[in-house]
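Atoms within each ligand, like the ligands themselves, are counted from 1 in listed order. Heavy atoms only: backbone and side chains are in, while hydrogens, waters and symmetry mates are out. What you see is a predicted model, and the numbers here were worked out from it, not measured in a lab.
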Amino acid sequence: MNLSSTEQALEAILQTFTDTNFVLTPGGVILDYKANVSSFSHIFPDSIRDKRITDVFPARLAEQLRDALRQVEQTGNVVPLEYVLPVLDQEYWFDARLIPVSDSKIMMIARDITECRETKLKMERQVLQLSILRSIDLAIASGLDLNLLLSMLLDRVMTLMHVDAATILLLNPRTNLLEYAAGKGFRGNILQHTRLKLGEGGAGRVALEREMLQIADLRKDRMEFDRSPLFVEENFVTYWGVPLLAKGRVLGVLEMFQRSPLKPDKDLQDFFVMVAGQAAIAIDSAMMFSELQRSNAELSLAYDATIEGLSRALDLRDKETKEHTARVTSITVKLATRLGIKQSDLIHVRRGAILHDIGKVAIPDQILFKPGPLAKDEWDIMRKHPMIAVELLSPVNYLEPALEIPHWHHEKWNGTGYPDGLGQEDIPFSARLFALADVYDALISKRPYRSAWSKWDAVQYIESQSGIHFDPRIVPEFLDLINTNHY
Ligand code: C2E
Ligand code: SIN
Ligand code: SIN
Ligand code: FE
Ligand code: FE
């Protein structure tokens, strides 16, 4: 290739991309650099030109880069690289491609994926939340022995919060003392004999004030923990304690200990409080079986709050989704009621409708928000959103009956839909009726790739697809419903 035209092509590419670009030598010298995102200019001052990557990047990253450059040089192929760049106390995640341009030049295009990654982590945490609720629910339903329940709760808390140790103290109603009931993660048997009056020590304060207590550095603030001289040897740094409240009574305190500093994180705190709330319900139930049903009702409310939280992950990316989801859910439940779906199944239909497009969280922005028609390879990715939802949600047992809609909402009556190409009655009934609500509402909504249709056009379209896309027996019911509801 002619050198100057390579040069020009390169310059043109650098100007066009919104990503961060580097031009590097195979040996690791930075020849050129462009960051079109202004917030990143402080990370790389202009003076990094002609420097070596080892002088510019943290050692670990420089090493990763050197390996990747070597791989490009040896294979002549494009090499992907995901890396993290610590800046002050933030971590920025990048997804990069190293592309051979000539023998002496390798271009690296890096995209900031920090936000995407956070959304994903948040979702993973929410899925875990659902699973903990489920296991607590099961424990209640099966009338688990109190000690086993406490031990299971601690296991869950430690895995979900990634903490080193945790205890549960229960308030003895006769003596009014907080007594050690269960603990995990300790090196010695140090807290086993703990007995605290209300207001005494960390846990005593939590129980008295009924509020979460956080101690950022126990090494400085050990007064609260004179429970045992051996405590010092545990080397704990962080302490969080939260009251176990049920029906307005303090049942005890849930505590967690960490041998390293813990960054305060609002989500994590909220989660800890929520887990404590669920744990308190479980403990209360294990103590008093007669209250079983009421607690189950409360758990069911907690489930639904979590499902809404999960669906909000998608709303975060696309403001219009929220209203779409709310409308589609409401009309679907109405339609299901009218068509005689059992009262006890309506909750699954509702949950399924709320979560129908949750799989879109994994669809890249360039595809989801593309202002025009999708290319074939983009469609291949878009068509995965139903199966992504199934994969994402299937660890949550109690959502299984709610998966019909996320899984099969794009199947068509004539068998040409996806992901399974099911036809007619093979498509679950809930998914068949949901499809009508989804398509109708999608059509009368603005999309990145087209403006909104009029209601009249949408109705015409639905009618024209009766027996093709839609179950011909449901179409008249649906049209009657939107008519009477002025929807
Ligand atoms: P969505 O926008 O929520 O659309 C849901 C379903 O409504 C579509 O499923 C389709 O059956 C129907 N629908 C929506 N808009 C139209 C339309 O303009 N004409 C017709 N005839 N039907 C429409 P489908 O086709 O499987 O698409 C699934 C998802 O894929 C869509 O959800 C949307 O997020 C995306 N998508 C579909 N077509 C395009 C496109 O041309 N460009 C982009 N960027 N995304 C698209
Ligand atoms: C969107 O508006 O992009 C997603 C909502 C939906 O299609 O069903
Ligand atoms: C699934 O969608 O894979 C299972 C849910 C169901 O069978 O209803
Ligand atoms: Fe969909
Ligand atoms: Fe939809």
Side-chain angles (χ1 to χ4, degrees), residues 310-311 313-332 335 349 351-393 402-423 427-428 430-472 474-475 478-479 482 487:
L310 201 52
S311 82
L314 190 57
D315 306 343
L316 282 179
R317 282 176 71 194
D318 181 358
K319 303 284 171 293
E320 281 150 40
T321 311
K322 191 172 172 180
E323 282 111 59
H324 167 70
T325 302
R327 284 191 307 262
V328 169
T329 301
S330 138
I331 199 86
T332 300
L335 187 58
V349 171
R351 289 171 177 165
I354 292 174
L355 294 171
H356 76 276
D357 267 341
I358 194 71
K360 283 185 182 173
V361 293
I363 307 295
D365 282 359
Q366 311 95 277
I367 299 179
L368 192 60
F369 302 129
K370 186 174 176 182
L374 301 179
K376 173 164 183 324
D377 56 331
E378 292 170 329
W379 259 121
D380 290 342
I381 293 171
M382 180 57 88
R383 284 206 185 92
K384 290 196 175 127
H385 79 270
M387 284 320 292
I388 292 169
V390 173
E391 276 165 37
L392 188 69
L393 300 175
L403 280 180
E404 284 182 2
I405 289 176
H407 194 165
W408 291 298
H409 69 285
H410 287 296
E411 299 292 351
K412 294 185 177 179
W413 184 252
N414 68 3
T416 61
Y418 60 93
D420 296 325
L422 301 181
I427 309 169
S430 65
R432 267 183 273 153
L433 66 91
F434 175 83
L436 275 156
D438 188 35
V439 171
Y440 177 78
D441 196 81
L443 290 175
I444 63 170
S445 306
K446 185 164 62 61
R447 283 288 184 266
Y449 52 94
R450 57 154 174 76
S451 47
W453 290 22
S454 71
K455 293 189 181 181
W456 198 82
D457 285 341
V459 168
Q460 296 301 111
Y461 179 80
I462 297 283
E463 277 175 344
S464 77
Q465 290 290 313
S466 180
I468 301 172
H469 187 153
F470 307 117
D471 181 343
I474 306 181
V475 169
F478 175 75
L479 293 177
I482 57 170
Y487 172 73

Query raised in the report: Relative to atom 36 (N) of ligand 1, which among Tyr461, Tyr440, Tyr449 owns the nearest non-hydrogen atom?
Result: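 Answer by nearest heavy atom: Tyr449.
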Query raised in the report: Can you tell which of Lys446, Lys360, Gln366, His469 gets a heavy atom nearest to atom 32 (O) of ligand 1?
Result: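 It is Lys360 that holds the nearest heavy atom.
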Could you grab the distance from atom [atom1] of [X] to atom [atom2] of [Y], nearest 0.5 Å is fine?
X      : Y      : atom1 : atom2 : result
Asn414 : Phe470 : CG    : CZ    : 10.5 Å
Arg447 : Leu368 : CZ    : CG    : 9.0 Å
Glu378 : Ile363 : CD    : CD1   : 11.0 Å
Leu422 : Thr416 : CG    : OG1   : 11.5 Å

**Report entry** His324 and His356 aromatic centres sub-6.0 Å
**Finding:**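 Yes, they do, as the ring centres are separated by less than 6.0 Å.
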Query raised in the report: What do you reckon, does Arg450 have a nitrogen or oxygen under 3.5 Å from a nitrogen or oxygen of ligand 1?
Result: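 By distance alone, the answer is yes.
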Query raised in the report: With a cut-off of 2.8 Å, does Asp438 place any N/O/S atom under that distance from the Fe ion (ligand 4)?
Result: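 No N, O or S atom of Asp438 is closer than 2.8 Å to the Fe ion (ligand 4), so no.
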Query raised in the report: Do you see an N/O/S atom of His356, backbone or side chain, under 2.8 Å from the Fe ion (ligand 4)?
Result: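 Not a single backbone or side-chain N, O or S atom of His356 is under 2.8 Å from the Fe ion (ligand 4).
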Give the atom numbers and elements of ligand 1 that come within less than 4.0 Å of a heavy atom of [X].
X      : result
Ala442 : 3 (O), 4 (O), 5 (C), 7 (O), 14 (C)
Arg447 : 1 (P), 2 (O), 3 (O)
Lys370 : 43 (C), 44 (N)
Gly372 : 40 (C), 41 (O), 42 (N), 43 (C), 44 (N)
Trp453 : 19 (N)
Tyr418 : 24 (P), 26 (O), 27 (O), 28 (C)

Does some non-hydrogen atom of [X] fall short of 4.0 Å from ligand 1?
X      : value
Phe369 : no
Pro448 : no
Ala435 : no
Arg383 : no

[X]: which N/O/S atom is nearest the Fe ion (ligand 4)?
X      : answer
Asp357 : OD1
His410 : NE2
His385 : NE2

Query - Where at least one partner belongs to residues 405-419, residue pairs that pass salt bridge (charged side-chain N to carboxylate O under 4.0 Å, His left out), sequence neighbours excluded - result: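 Pairs touching residues 405-419 that pass the test: none.
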Query - Under-4.0 Å heavy-atom contact with ligand 1, by part of Ile367 that carries it - result: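 The answer is the backbone of Ile367.
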Requested in this report: Under 4.0 Å, heavy atoms only, figure out whether ligand 1 is touched by the backbone of His410, its side chain, both or neither.
Outcome: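 Looking at His410 and ligand 1, just side chain atoms fall under 4.0 Å.
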**Report entry** Polar contact flag, side-chain donor to acceptor under 3.5 angstrom, His409-Asp357
**Finding:**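 His409 vs Asp357: donor-acceptor pair found between side chains.
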Query raised in the report: Who pairs with Phe478 by ring pair (Phe, Tyr, Trp, His ring centres under 6.0 Å), at least two apart in sequence or on another chain?
Result: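 Applying ring pair (Phe, Tyr, Trp, His ring centres under 6.0 Å) to Phe478 gives Tyr440.
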Report task. Look at the side chain of Arg432 and the backbone N and O of Ile427, then say whether any donor-acceptor pair between them is shorter than 3.5 Å. Result ->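 Yes; judged by distance alone, with no hydrogens or angles, the pair exists.
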Query raised in the report: Would you say the side-chain atoms of Lys384 pair up with the backbone N or O of Met387, donor to acceptor, closer than 3.5 Å?
Result: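 A pair under 3.5 Å: no.
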Query raised in the report: Between Lys376 and Asp380, is there a salt bridge with N-O shorter than 4.0 Å?
Result: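 Result for this pair is yes, salt bridge flagged.
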Query raised in the report: If you take all heavy atoms of Ser430 and Glu404, which pair is closest and at what distance?
Result: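 In this case the closest contact between Ser430 and Glu404 is OG-OE1, 2.7 Å.
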